Colleague: 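Structure provided below as structure tokens; questions to follow.
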Amino acid sequence: MVGLKRAHYRETRLPMLLLLPQLLVLLLFFFIPAVRALSQAFVITDAFGTSVQFVWFDNFHRLFLSPEYRSAAWITLWFTLVQNILTIVVAGALAFATDRVIRLRGLYRSIVLLPYAIAPVIAGILWAFLFNPSVGPVAHVLKAVGIAWDPNRSGFDAFLLVTLAASWKHICYDYIFLVAALLAVPPSLLEAAAVDGAGPWLRFRRIALPMIGPTVFFLVTMNFVYGFFETFAIIDAVTHGGPGGATMILVYKVYLDGFVHIDLGSSAAQSVLLMIFAIGLTLLQFRYADRRINYDV
Amino acid sequence: MVERARTLDIACHALLILGGLLVCLPIYFAFVVGSHTVSDVLTIPPPWLPGRHFFDNTVTAWQKGNLGRLFLNSLIVAVGITVGKIAVSLLSAFAIAYFRFPWRMTAFWLIFASLMLPVEVRILPTYEAVANVALPLQWLLDALDVGRWFGVEITLDWNMMNSYGGLILPLIASATATFLFRQFFLTVPDELCEAARIDGASPMRFFWSVLLPLSRANMVALGIILFLYGWNQYLWPLLFTTDKSMATAVIGLKNLIPQSDSEPAWNIAMNAALLVMLPPVIVVMALQRWLVKGLVDSGK
């Protein structure tokens, strides 16, 4: 039996009772909604909700042909990719430095951790203010040095702004894991390498990096999950997907098409595609769980 | 440290100071703007140092945003999610790790399948589920045509919009915590359970007197993560609370942000932003060690 304690009880009624609350909540707010999304993806409902027509893959077909959806998919890809690289590189550098310093280590760690407490929407608001063309201090500096900056008009500026805000919010997460992983690298290995004449950088690259490799893999997956699904609030607070769809990520489009444009079939089809993607990411995470055991970190 | 490398150490400190400054920059300017009057905020160049109106603005923000009520809502929702999810997960993890019963593996897979889909991808149908929790029962009744047996039409309606239940329950519906507790239970020595059984303890007695006290550290660590998760929720409260007095603090803050055509009261908005982020920041700062433990454990 998978995951069963060697010392266990043989009863039927009690465990069923214990599982009941979880299964009930899951049924109502997880399984039924997921099945509904699946079924809605294959039908078209008219504007008054009176007639429902089964249309096979029409909703998906429409989606793949729609330039807006394709552009949103590209933007999401770029957004998550840039955010991912920025987050893991900065977090990695900070973790390496934290691992190295002795004095003030606790203080540094507390400060870098701070954004973990801050809601994504607040992170978005803070950055939107800094870069607000009329009142923002950073926007003022940019203007003073002659950089034209207006996230309300330029799609590139808006994209940059949400990417920065999203990374700022998420660096702390990667940082926590990387610091913990670096701490778990056996000192004896590092000392032995140092005795053999390996410098700090060589030790990091040849010993620490391979040992924290699985953690990095895990974090990259988690960064994708974050970028795809949890940045909704940042987009909603900063750009609403604009200007001209330049920051329209897929999750925001599901929301917009479902709740604002009331195109239920399309929104459901988009949900299904995202679900497939989410399942893929979860399976990747399970691979991480396997690899951890091999590396024994 | 293995060897002395002065330049590298200085570079490391410099890097960390730079990182710290970047983290603090937006928060510092929120504080600066939050302590000025509207007209000061609109001057060019914008103010770089804090002004003297911080507490005036706090009072204004508190009243304008109805933050007293919204903070209470946020607290109820965050605590509700924390306590609810931990309780539900502990029980189901106990059942799955410690009992052998028919359908055990089915229950196991049903629960862990929910790990795969984040809330955000099933927004619309979950919204429907909250708008009428009794909907599935209605389908059943319709399918069986129960109404006709009695000659009446049965309409079930249980709307959870604008209620704490609607804000809390859908967010409990994920197995992350169950997974964590199950992992932990698997590391608890088998001898404890055997000893409890020899002493004549019932399964629930073993759960209460042995397993729960052992899980305390995990419960605290997970509790912090869930509290932050609950307090910082955005999408759910945005959709489920049409009644302004049932909104959460984060939603209230969003409504204070100046839109381009209205009066640019950034000072009030940024002051409110600091207020709304204060409770989670205090939690993170005070319980940092536990938070780190919780995160690293839940990533396993």
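Predicted model, so just to flag it, every value in this text is computed and none were measured. Protein chains get the first letters and strands the later ones, always in sequence-line order, with residue 1 at the start of each.
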Colleague: Within the structure provided, determine whether B:Asn232 and A:Tyr116 are in side-chain contact (heavy-atom separation under 4.5 Å).
Modeller: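 B:Asn232 does not reach A:Tyr116 side chain to side chain.
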
Colleague: For a quick test of reading the model, state the closest non-hydrogen atom pair linking B:Leu110 to A:Leu26 and the distance between them.
Modeller: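 Distance-wise, the nearest heavy atoms are O-CD1, 4.1 Å.
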
Colleague: So which of A:Leu113, A:Leu250, A:Ile171 has the biggest tally of heavy-atom pairs under 4.5 Å with chain B?
Modeller: A:Leu113

Colleague: Quick one: closest heavy-atom pair of B:Cys193 and A:Tyr9, and the distance?
Modeller: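 Looking at all heavy atoms of both residues, the closest pair is SG-OH, 3.7 Å.
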
Colleague: Give, for atom CG of B:Leu90 and atom CD of A:Gln22, the distance between the pair rounded to the nearest 0.5 Å.
Modeller: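 B:Leu90 atom CG to A:Gln22 atom CD measures 10.5 Å (nearest 0.5 Å).
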
Colleague: Any carboxylate oxygen within less than 4.0 angstrom of a Lys/Arg side-chain nitrogen, looking at A:Lys5 and B:Glu194?
Modeller: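 No, this pair does not count.
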
Colleague: Non-hydrogen atoms of chain B under 4.5 Å away: do they reach the side chain of A:Leu28, the backbone, both or neither?
Modeller: both

Colleague: Determine the option with the most heavy-atom pairs under 4.5 angstrom with chain B, choosing from A:Trp127, A:Phe31, A:Phe228, A:Phe96.
Modeller: A:Phe31

Colleague: Could you check if a side-chain atom of A:Trp201 sits within less than 4.5 angstrom of a side-chain atom of B:Leu8, using non-hydrogen atoms only?
Modeller: no

Colleague: Passes side chain to side chain contact (heavy atoms under 4.5 Å, CB included), B:Leu91 versus A:Leu20? Steps please.
Modeller: CA-CA 9 Å; B:Leu91 293 179; A:Leu20 197 65; over 6 Å; no

Colleague: Below 4.5 Å from any heavy atom of chain B, which atoms of A:Ser134 appear? Answer side chain, backbone, both or neither.
Modeller: neither

Colleague: List in chain and number order the residues that pass side-chain hydrogen bond (donor to acceptor under 3.5 Å, both in side chains) with A:Ser110, two or more places apart in sequence or in another chain; answer none if no residue qualifies.
Modeller: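 In terms of side-chain hydrogen bond (donor to acceptor under 3.5 Å, both in side chains), with neighbours along the sequence ignored, A:Ser110 is linked to B:Gln288.
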
Colleague: Examine A:Phe259 together with B:Tyr127 and report whether their ring centres are nearer than 6.0 Å.
Modeller: yes

Colleague: Which value, rounded to the nearest 0.5 Å, describes the distance between A:Leu4 atom CG and B:Phe99 atom CZ?
Modeller: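 Rounded to the nearest 0.5 Å, the CG-CZ separation comes out at 10.5 Å.
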
Colleague: Which heavy-atom pair separates B:Phe29 from A:Pro137 by the least distance, and what is that distance?
Modeller: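 B:Phe29 and A:Pro137 have their closest heavy atoms at CD2-CG, 3.4 Å.
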
Colleague: Measure A:Val121 against the heavy atoms of chain B and call it side chain, backbone, both or neither at under 4.5 Å.
Modeller: side chain

Colleague: Which region of A:Ile118, side chain (C-beta onward) or backbone (N, CA, C, O), has a non-hydrogen atom less than 4.5 Å from a non-hydrogen atom of chain B, or is it both or neither?
Modeller: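 Contact with chain B involves both backbone and side-chain atoms of A:Ile118.
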
Colleague: Looking only at heavy atoms, what is the nearest atom pair of B:Cys12 and A:Val101, with distance?
Modeller: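 Heavy atoms only, the tightest pair is CB-CG1, 3.7 Å.
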
Colleague: Would you say B:Ser92 and A:Leu18 make side-chain contact, with heavy atoms under 4.5 Å?
Modeller: no

Colleague: For a 4.5 angstrom cut-off between non-hydrogen side-chain atoms, does B:Pro26 reach A:Phe129?
Modeller: no

Colleague: A:Trp168 side chain to B:Leu22 main-chain N or O, any donor-acceptor pair under 3.5 Å?
Modeller: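 Indeed, once roles are kept as given, a pair shorter than 3.5 Å links the two residues.
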
Colleague: Give a yes or no on whether B:Trp48 atom CH2 has more than 12 heavy-atom contacts from other residues, nucleotides or ligands under 6.0 Å away.
Modeller: yes

Colleague: Side chains of A:Pro115 and B:Val23: closer than 4.5 Å at any heavy-atom pair?
Modeller: yes

Colleague: Apply the test side chain to side chain contact (heavy atoms under 4.5 Å, CB included) to residues A:Met16 and B:Phe101: give CA-CA distance (whole Å), side-chain angles for both, the deciding distance (0.1 Å), then the verdict.
Modeller: CA-CA 8 Å; A:Met16 299 259 191; B:Phe101 57 100; 4.2 Å; yes

Colleague: Can you tell me which portion of A:Val179 sits under 4.5 Å from chain B's heavy atoms? Options are side chain, backbone, both or neither.
Modeller: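 A:Val179 has no heavy atom closer than 4.5 Å to chain B.
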
Colleague: Is A:Leu94 close to B:Leu16 at the side-chain level, that is, under 4.5 Å between some pair of heavy atoms?
Modeller: yes

Colleague: Test A:Leu130 against B:Leu25 for side chain to side chain contact (heavy atoms under 4.5 Å, CB included), laying out the working first.
Modeller: CA-CA 9 Å; A:Leu130 280 186; B:Leu25 184 81; 4.0 Å; yes

Colleague: What I'd like to find out is whether the side chain of A:Leu126 reaches to under 4.5 Å of the side chain of B:Met277, using heavy atoms alone.
Modeller: yes

Colleague: Could you grab the distance from atom CZ of B:Arg100 to atom CZ of A:Arg10, nearest 0.5 Å is fine?
Modeller: 4.5 Å

Colleague: Please flag which part of B:Trp231 lies under 4.5 Å from any non-hydrogen atom of chain A: side chain, backbone, both or neither.
Modeller: neither

Colleague: Could you check which of B:Val283, B:Val250, B:Leu239 has the highest count of heavy-atom pairs closer than 4.5 Å to chain A?
Modeller: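 Counting heavy-atom pairs under 4.5 Å, the top option is B:Leu239.
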
Colleague: Between B:Ile282, B:Ile27, B:Leu238, which has the largest tally of heavy atom pairs under 4.5 Å with chain A?
Modeller: B:Ile27

Colleague: Show the nearest heavy-atom pair for residues A:Leu19 and B:Ala95, with the distance to one decimal.
Modeller: CG-CB, 3.8 Å

Colleague: I'd like to know which of B:Val292, B:Ile111, B:Ile17, B:Leu228 tops the heavy-atom pair count under 4.5 Å against chain A.
Modeller: B:Ile111

Colleague: May I ask you to check whether over 12 heavy atoms, not counting those of A:Arg109, lie within 6.0 Å of atom CZ?
Modeller: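 Atom CZ in A:Arg109 is not packed in, count stays at 12 or less.
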
Colleague: Between B:Val284, B:Asp190, B:Val88, B:Val33, which has the largest tally of heavy atom pairs under 4.5 Å with chain A?
Modeller: B:Asp190

Colleague: In Å and rounded to the nearest 0.5 Å, what is the CG to NZ distance from A:Asp236 to B:Lys254?
Modeller: 4.5 Å

Colleague: Among B:Val188, B:Ile172, B:Leu192, which residue has the highest count of heavy-atom pairs closer than 4.5 Å to chain A?
Modeller: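 Highest number of pairs under 4.5 Å: B:Val188.
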
Colleague: For the OH atom of A:Tyr108 and the CG atom of B:Leu15, what is their distance to the nearest 0.5 Å?
Modeller: 10.0 Å

Colleague: Using non-hydrogen atoms and a 4.5 Å limit, figure out which bit of A:Ala180 sits close to chain B: side chain, backbone, both or neither.
Modeller: side chain

Colleague: From A:Leu104 CG over to B:His13 NE2, what is the distance, rounded to the nearest 0.5 angstrom?
Modeller: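 A:Leu104 atom CG to B:His13 atom NE2 measures 6.5 Å (nearest 0.5 Å).
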
Colleague: Go through the atoms of A:Phe277 and report whether side chain, backbone, both or neither lie under 4.5 Å from a heavy atom of chain B.
Modeller: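 Contact with chain B: none, neither part.
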
Colleague: Step by step, would you call B:Tyr234 with A:Ile234 a side chain to side chain contact (heavy atoms under 4.5 Å, CB included)?
Modeller: CA-CA 10 Å; B:Tyr234 180 71; A:Ile234 295 179; over 6 Å; no

Colleague: So, do A:Ile125 and B:Leu253 sit near enough that their side-chain heavy atoms are less than 4.5 Å apart?
Modeller: yes

